[in-house]
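The structure under discussion appears below in the form of structure tokens.
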Amino acid sequence: MADAAFARVLAIAASTGLPGIEAGSSYGTPSLNVRGKFLARMKDADTLVVRCPVEEKHFLMEADPAVFFETDHYRGYPAFLVRLSAADDATIAGRLERAWRMQAPKKLVGEWEKGQEGGSTTKDTKKGAKKKI
């Protein structure tokens, strides 16, 4: 079951067109990294751990607690949990892009942004923008 969930996350990550994303392993579970830095990992078959600034985590959990949450283990840590069964692909793509922007080397982010019309491929990170195909 977790394999199918991670396959979905991989497909969503690929659809963003973000450069440098690699599949890996973190704490014995499948993960996504950019140039060796953590972006996200599977916690279980329905939960994805995603890197983010702590202040964004609180906003996300308040805005949509059915999708975004944390456990005691992640309190104070710059990551939140996503209920994959409650999240649509565009939301996941937006959160992966935000994690990528946080973790990718600045030069890579700058090069990617130069190739984008609006600097974002997902509606979640740029208000009103639509996902490019």
Side-chain angles (χ1 to χ4, degrees):
M1 192 84 147
D3 290 340
F6 190 64
R8 177 184 172 210
V9 171
L10 274 175
I12 293 167
S15 77
T16 66
L18 297 167
I21 293 181
E22 311 155 334
S25 179
S26 177
Y27 297 99
T29 64
S31 69
L32 294 176
N33 304 298
V34 59
R35 304 266 170 102
K37 290 187 172 185
F38 174 78
L39 296 179
R41 77 172 185 90
M42 295 300 299
K43 183 176 183 303
D44 57 47
D46 189 44
T47 309
L48 183 68
V49 180
V50 181
R51 183 84 146 163
C52 78
V54 173
E55 55 278 359
E56 280 183 30
K57 173 167 76 168
H58 299 295
F59 170 77
L60 289 166
M61 292 186 310
E62 286 180 18
D64 198 349
V67 174
F68 305 112
F69 68 106
E70 73 178 345
T71 61
D72 287 344
H73 178 78
Y74 291 96
R75 253 184 249 301
Y77 187 73
F80 60 92
L81 305 176
V82 178
R83 284 184 189 87
L84 292 173
S85 60
D88 63 30
D89 290 1
T91 298
I92 295 167
R95 299 323 317 160
L96 290 176
E97 181 180 329
R98 180 66 179 111
W100 179 86
R101 287 176 178 277
M102 184 178 170
Q103 296 294 89
K106 300 303 174 212
K107 183 177 179 184
L108 184 62
V109 173
E111 289 170 356
W112 180 76
E113 286 179 341
K114 284 180 185 175
Q116 302 299 309
E117 291 175 356
S120 176
T121 59
T122 60
K123 69 177 184 177
D124 191 55
T125 57
K126 181 150 177 95
K127 194 168 185 114
K130 294 191 179 181
K131 188 174 175 182
K132 294 180 183 177
I133 298 176

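- Two residues are said to be in side-chain contact when any heavy atoms from C-beta on lie closer than 4.5 Å; Arg35 and Leu108 meet this criterion.
- For the atom pair CD1 of Ile21 and CG of Leu96, the computed distance is 6.5 Å after rounding to the nearest 0.5 Å.
- Judged by the 6.0 Å distance and 45° axis criteria, Arg51 is positioned over the aromatic ring of Tyr77.
- Taking a 6.0 Å sphere around CZ of Arg8, one finds it holds more than 12 heavy atoms contributed by other residues, nucleotides or ligands.
- Here the straight-line distance linking atom OG of Ser31 with atom CZ of Arg41 works out to 8.5 Å at 0.5 Å rounding.
- Hydrophobic clustering places Trp112 together with Leu39 (ILVMFWY residues linked when any side-chain heavy atoms are closer than 4.5 Å, directly or through intermediates).
- With hydrophobic clusters built from ILVMFWY side chains whose heavy atoms lie under 4.5 angstrom apart, Leu81 does not share a cluster with Met42.
- Nearest approach of Ala66 to Ala86, heavy atoms of both residues: O-CB, 3.5 Å.
- For the pair Arg83 and Phe69, the cation sits on the ring face: its NZ or CZ lies under 6.0 Å from the ring centre, inside 45° of the axis.
- The two residues Ala99 and Val50 come nearest to each other via the heavy atoms CB-CG1, 4.1 Å.
- Between atom CD of residue Glu97 and atom CZ of residue Arg95 there is a gap of 9.5 Å, rounded to the nearest 0.5 Å.
- Atom OG of Ser26 sits about 7.0 Å away from atom CG of Asn33, to the nearest 0.5 Å.
- Here the straight-line distance linking atom CG of Asp46 with atom CG of Leu84 works out to 5.5 Å at 0.5 Å rounding.
- At a threshold of 4.5 Å between non-hydrogen side-chain atoms, the residues Arg101 and Glu113 count as touching.
- Going from atom CZ of Phe59 over to atom SG of Cys52 covers 12.0 Å, rounded to the nearest 0.5 Å.
- Looking only at side-chain heavy atoms (C-beta outward), Trp100 and Val109 come within less than 4.5 Å of each other.
- In this structure the side chain of Lys57 never reaches within 4.5 angstrom of the side chain of Pro78, judged on heavy atoms.
- Judged purely by atom type and a 3.5 angstrom limit, Thr16 uses its side chain to pair as donor or acceptor with the backbone of Ala13.
- Taking all atoms of both residues into account, the shortest heavy-atom contact from Leu10 to Ala23 is CD2-CB, 4.1 Å.
- Val49 is not connected to Leu18 by any chain of hydrophobic side-chain contacts under 4.5 Å among Ile, Leu, Val, Met, Phe, Trp and Tyr, and they are in different clusters.
- Under the 4.5 Å side-chain heavy-atom criterion for Ile, Leu, Val, Met, Phe, Trp and Tyr, Phe38 and Phe80 are members of distinct hydrophobic clusters.
- No continuous path of ILVMFWY side-chain contacts below 4.5 Å connects Val82 to Tyr74, so the two sit in separate hydrophobic clusters.
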